[in-house]
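Numbered from 1 within each chain, the chains take letters A, B, ... in sequence-line order.
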Protein chains: 2
Amino acid sequence: MVKLAILDVDGTITDSSRRIQESSITTIRKAQDNGKIICLVSGNVIPVMYALQIYIGIRHEVFAENGGVMYYQNRIEKFFEKDKTEKFLDYISGISSARGIFTNVWRYSSMAFEMDADDIEKVRSESDRWNLDITDSGFSWHVLNKGQNKGYALKKLMELHHLEKEDVLVVGDSKNDLSMFVEGVNRATVKNGDPVLKEVSDYISPMNNGEAIPDIFRKFSLI
Amino acid sequence: MVKLAILDVDGTITDSSRRIQESSITTIRKAQDNGKIICLVSGNVIPVMYALQIYIGIRHEVFAENGGVMYYQNRIEKFFEKDKTEKFLDYISGISSARGIFTNVWRYSSMAFEMDADDIEKVRSESDRWNLDITDSGFSWHVLNKGQNKGYALKKLMELHHLEKEDVLVVGDSKNDLSMFVEGVNRATVKNGDPVLKEVSDYISPMNNGEAIPDIFRKFSLI
């Protein structure tokens, strides 16, 4: 029986333009009222996750920066540093079309950027050389420390709540959710989810993006 | 005919625990689809307003810090400084129970704090001496520069959109919304709104908090 659900945000509880789906808010609140633990894990920044926690009414942890930083009860916990990722972004901004995005002022451990598709391979090979990871959330690129990913957040949450893999449901729509789609955990994606997620999912909803949340939550008896 | 609506956030588009009302999201989107300009003005911080803009899908300006800072299209515009408000908070923290709140790290012009009710008069008289304003949003106290209030945001938005007072609707629930409830502007509050707002409102909805938004928007033909 699923006790804790970890949800990606953009494209998973929102529509494809990042507008939150009203039914996913209702569904999350209903699951919480049923005693389920609902957590969010996003590539976005901490104050944005803080806002989502308040306005959705999430009662447990939320993670920003792909698992690198956690917010809970007026406390920010940072698991990775930003020294190296910041230097990397400076460097690639000089040798490629990469340019940091506006919200980087609120980042604690990773950096987000945009770049022309032509530069992806070049920037990826530089990130290998720097021993860093780059990932595409579908909304922007992120440069992350090694080991900083949504799978890290999954492990942290299992520890914090003393849960086993079978107690957990993960829901996502894009490649950067793959690290939390580990064997043994309940895994669900949306109709328009990335093929790499579909391959490893236990359930693929017949609905797109945030419209899938009520369906997925029913499927795993959260509501 | 109302062309632009300025909405307070906490208690106005949310319930009394700051959880956003799904119906206010739906209503705001519908009004925008009808060509109406919807703006938010809150005492909260810019990244929180940025998040609300994205996830609600607000297409125009949002104001943070009671009108002191504006966010629109990846650009933050700051109309007031924080030097003096920050010094004031330091000072009163030493002589009263006032203590800054967690989100102050993301503030550009004002400071937020909590304090025991016993200290309100003392802190208010200090703010007079410093030529600053203090205001209670119902969720926390704020210290603001003189002239930094929601009425400032109203004026700014009328200028930006070349509108007259009769084109504008303001909606709020608490004392710190009063500065935008000016004569000539359409003014609406909620059933559980502050008496000072009710006194000057053109319309008092029979619904509480965020539940009032569909009713108010219908009343002023925004939907």
Side-chain angles (χ1 to χ4, degrees), chain A residues 9-30 32-33 40 42 44-59 62 64 71-78 99-108 112 114 139-140 209-210 213-214, chain B residues 9-30 32-33 40 42 44-59 62 64 71-78 99-108 112 114 139-140 209-210 213-214:
Chain A
V9 176
D10 296 339
T12 298
I13 63 169
T14 74
D15 68 14
S16 57
S17 326
R18 303 175 75 188
R19 304 197 317 171
I20 200 155
Q21 209 83 37
E22 296 96 314
S23 60
S24 52
I25 298 180
T26 313
T27 303
I28 288 169
R29 290 178 185 164
K30 206 184 289 179
Q32 290 188 145
D33 289 342
L40 302 178
S42 167
N44 220 318
V45 295
I46 274 291
V48 166
M49 301 310 293
Y50 160 79
L52 286 168
Q53 191 191 49
I54 290 177
Y55 291 107
I56 298 176
I58 297 276
R59 296 185 193 148
V62 293
Y71 171 77
Y72 184 55
Q73 290 185 331
N74 291 345
R75 190 159 161 261
I76 294 171
E77 199 166 344
K78 184 174 73 166
R99 54 232 166 249
I101 68 169
F102 154 75
T103 54
N104 283 346
V105 291
W106 300 314
R107 286 190 182 273
Y108 291 78
E114 288 167 348
F139 295 89
S140 67
N209 296 121
I213 292 296
Chain B
V9 175
D10 295 341
T12 299
I13 64 169
T14 73
D15 67 15
S16 58
S17 326
R18 301 175 77 189
R19 304 198 315 173
I20 200 156
Q21 209 83 36
E22 296 97 314
S23 61
S24 52
I25 299 180
T26 312
T27 302
I28 289 169
R29 290 177 185 164
K30 206 185 288 180
Q32 291 188 144
D33 289 342
L40 303 177
S42 168
N44 220 318
V45 296
I46 275 290
V48 166
M49 300 311 293
Y50 161 79
L52 286 169
Q53 191 191 51
I54 291 178
Y55 292 107
I56 298 176
I58 298 275
R59 298 187 191 145
V62 292
Y71 171 77
Y72 184 54
Q73 290 185 331
N74 290 347
R75 193 161 159 260
I76 294 171
E77 200 167 343
K78 184 174 73 165
R99 52 229 167 255
I101 68 169
F102 155 75
T103 54
N104 282 345
V105 291
W106 301 314
R107 286 188 183 272
Y108 291 80
E114 288 167 348
F139 295 90
S140 67
N209 297 121
I213 292 296

Is chain A contacted by the side chain of [X], its backbone, both, or neither, given a heavy-atom distance below 4.5 Å?
X	value
B:Asn44	side chain
B:Tyr55	both
B:Phe139	neither
B:Thr26	both

**Report entry** Heavy-atom pair count under 4.5 Å with chain B, highest-scoring of A:Ala51, A:Ser17, A:Ser23
**Finding:** A:Ala51

**Report entry** Closest-packed option against chain B by number of heavy-atom pairs under 4.5 Å, given A:Leu52, A:Ile56, A:Val105
**Finding:** A:Leu52

Requested in this report: Go through the structure and list residues passing salt bridge (charged side-chain N to carboxylate O under 4.0 Å, His left out) with B:Glu114, not counting sequence neighbours.
Outcome: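 B:Glu114 satisfies salt bridge (charged side-chain N to carboxylate O under 4.0 Å, His left out) with no other residue.
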
Query raised in the report: So do the side chains of B:Ile25 and A:Ile25 get within less than 4.5 Å of each other, counting heavy atoms only?
Result: yes

**Report entry** side chain to side chain contact (heavy atoms under 4.5 Å, CB included) partners of B:Thr103, counting only residues at least two apart
**Finding:** A:Tyr50, B:Val45, B:Ile101, B:Trp106, B:Arg107

Requested in this report: Please say whether more than 12 non-hydrogen atoms of neighbouring residues, nucleotides or ligands are located less than 6.0 Å from NZ in A:Lys78.
Outcome: yes

